[in-house]
Number of protein chains: 2
Amino acid sequence: MKTVSRRQQAILQFIERFLDENDYPPTIRDIQSELGISSTSVVDYNLKALEARGLIRRNSKISRGIELMNRGSTRRNVVTIPVIGQIAAGQPIPVPGDLEGSDVTETVELGSDLVRNSGQGLFALRVKGHSMVDALINDGDVVILKQQETCENGETVAVWLKDQRETTLKRFYLEGDQVRLQPANVTMDPIFTPAENVEVQGRLVTVVRSDL
Amino acid sequence: MKTVSRRQQAILQFIERFLDENDYPPTIRDIQSELGISSTSVVDYNLKALEARGLIRRNSKISRGIELMNRGSTRRNVVTIPVIGQIAAGQPIPVPGDLEGSDVTETVELGSDLVRNSGQGLFALRVKGHSMVDALINDGDVVILKQQETCENGETVAVWLKDQRETTLKRFYLEGDQVRLQPANVTMDPIFTPAENVEVQGRLVTVVRSDL
DNA sequence: TGTTGACACGAACATGCGTTCTCTCCTATG
DNA sequence: CATAGGAGAGAACGCATGTTCGTGTCAACA
């Protein structure tokens, strides 16, 4: 009763694989024929053992009522965010509304603890160019933004600087009628600009860099 | 036949909700009783309509053989990576083996397209301090590493510099018996050090910064 | 050597659950 | 008014699938 037998482990793996391929759990007989087990009762026996160990949950009487305790629940709080375009220094930021009809080809999945609130109003952009190294953001990174036209002091936001015709990511501080834009890189100096020159496009929620 | 009727939409939503709660799809009769439909044939009828529209797939004869075409397949490939410790300039990097028994409290979930290979051998560390800004990595970022003691030229790796007693993240180039460590930040200069002074701890796979 | 308990067989058995067939009840169309 | 087709009701049918039961094997053990 202590150890998970080889056969039980194989069953567990098969269930996992099956779930990946089919969206619904396997039947006892699926498991049986896959693993070359002679009887359904043997599968039932081992399934009971796995359940006693807390590795799976079984809903009696219900067809395909096998649930994996591990992933299962964790996999839920995953948010899928569409990558709707690029962000570069010299271009305005695409916002979700712009591409209404066009279906997005690329998406990013993140655990909801990385984005809090279930991903509502979030969108992602791929960074083009090295213009945002002062925000510790590299060419090719994916930035995830929450669409909003205003922001609190201290939040990192994507802003469009009208005069410079330039997009940038900085911490935002309204000081009188001036705005101080503070780079995330502590070694770099802030820039100051009149409040009416900045147009907040969204708040920076997450940055993902994938060095594959 | 053009429009998705109110009832069909309700069915679709219910299937989705059911899947969230149970890990296995509902039966026709589940749908029936939930929506207060009088007959299973009505459900079957509407399900066929939804399938014709390509919104679901049904595996005939198979119990609970309903699959949602939208999410379903995409949301599965999510990898859960344990955050096993911190990484700071002056400390050796914890490696997975170190904390065998201790159960990890924090994890990070990422879509598998961000980490390729199904997350085998991956672990995550939270960055402490500003020592890695030259790698465009900030205090509080989470770096995801693949454990390996060797690496190819051009890969970004976490190395332990014996003489300096220091951990750093750089691109690695072996040049003769020297190693060139190139910061990701294009504006910064590489450092050179003897090959025997560097100890590769892992390859950088992904960086995640969460500005909540 | 006999007993016990984990593990495995096969074959019924009893439901779970998808499918199908026959009838209504509409609303639109002519 | 007659007809046709979409949407639904109700019941029966039958394969799909979980459950149970009687046996058999093999190692550990007293």
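Per chain, numbering begins at 1; letters A, B, ... match sequence-line order.
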Inter-residue atom distance I62(B).CD1 - E67(B).CD, 0.5 Å rounding: 9.0 Å
Presence of S63(A) side-chain N/O under 4.0 Å of dT15(C) phosphate oxygens OP1/OP2: no
With the criterion being N/O to N/O and under 3.5 Å, what pairs connect the protein with nucleotides 12-14 of chain C, and how long is each?
none

dA7(D) phosphate, OP1 or OP2, under 4.0 Å from Y45(B) side-chain N/O: yes
From Q201(B) atom CD to T168(B) atom OG1, the distance as rounded to the nearest 0.5 Å: 12.0 Å
K48(A) NZ - dA8(C) P separation (whole Å): 14 Å
Nearest-Å distance for atom pair CD1/P, residues I62(B) and dC17(C): 14 Å
Sugar-phosphate only, base, or nothing, as touched by S41(A) at under 4.0 Å among non-hydrogen atoms: base
Between S41(A) and D44(A), a side-chain donor and acceptor under 3.5 Å: no
Atom-pair distance (CG on L35(A); P on dA8(C)), nearest Å: 11 Å
For atom CD1 of I31(B) and atom C1' of dT19(C), their distance in whole Å: 15 Å
Nucleotide dT20(D), atom P - distance to CG of D44(A) in whole Å: 8 Å
Heavy-atom side-chain contact between D23(A) and R57(B) under 4.5 Å: no
Closest nucleotide among dT19(D), dG6(D), dA11(C) to the I28(A) side chain: dT19(D)
Whether R126(A) side chain and G140(A) backbone form a donor-acceptor pair below 3.5 Å: yes
Candidates dC9(C), dG8(D), dT20(D) - which lies nearest the side chain of R7(B): dG8(D)
Nearest-angstrom distance from the residue atom CD of E67(B) to P of dG18(C): 14 Å
side-chain N/O N46(A) vs dA8(C) OP1/OP2, d < 4.0 Å: yes
Side chain proximity check, R64(B) to D30(B), heavy atoms < 4.5 angstrom: yes
Sugar-phosphate, base or nothing in reach of S60(B), heavy atoms under 4.0 Å: sugar-phosphate
Contact under 4.0 Å: R64(B) side-chain N or O vs dA16(D) OP1/OP2: no
Short side-chain N/O contact from S39(A) to OP1 or OP2 of dC9(C), under 4.0 Å: no
Nucleotide dA6(C), atom C1' - distance to CG of L47(A) in whole Å: 17 Å
Distance, rounded to the nearest Å, where I11(A) contributes CD1 and dG18(D) contributes P: 13 Å
Evaluation steps, side-chain contact (heavy atoms from CB on, under 4.5 Å), between V142(B) and T206(B): CA-CA 8 Å; V142(B) 172; T206(B) 305; over 6 Å; no
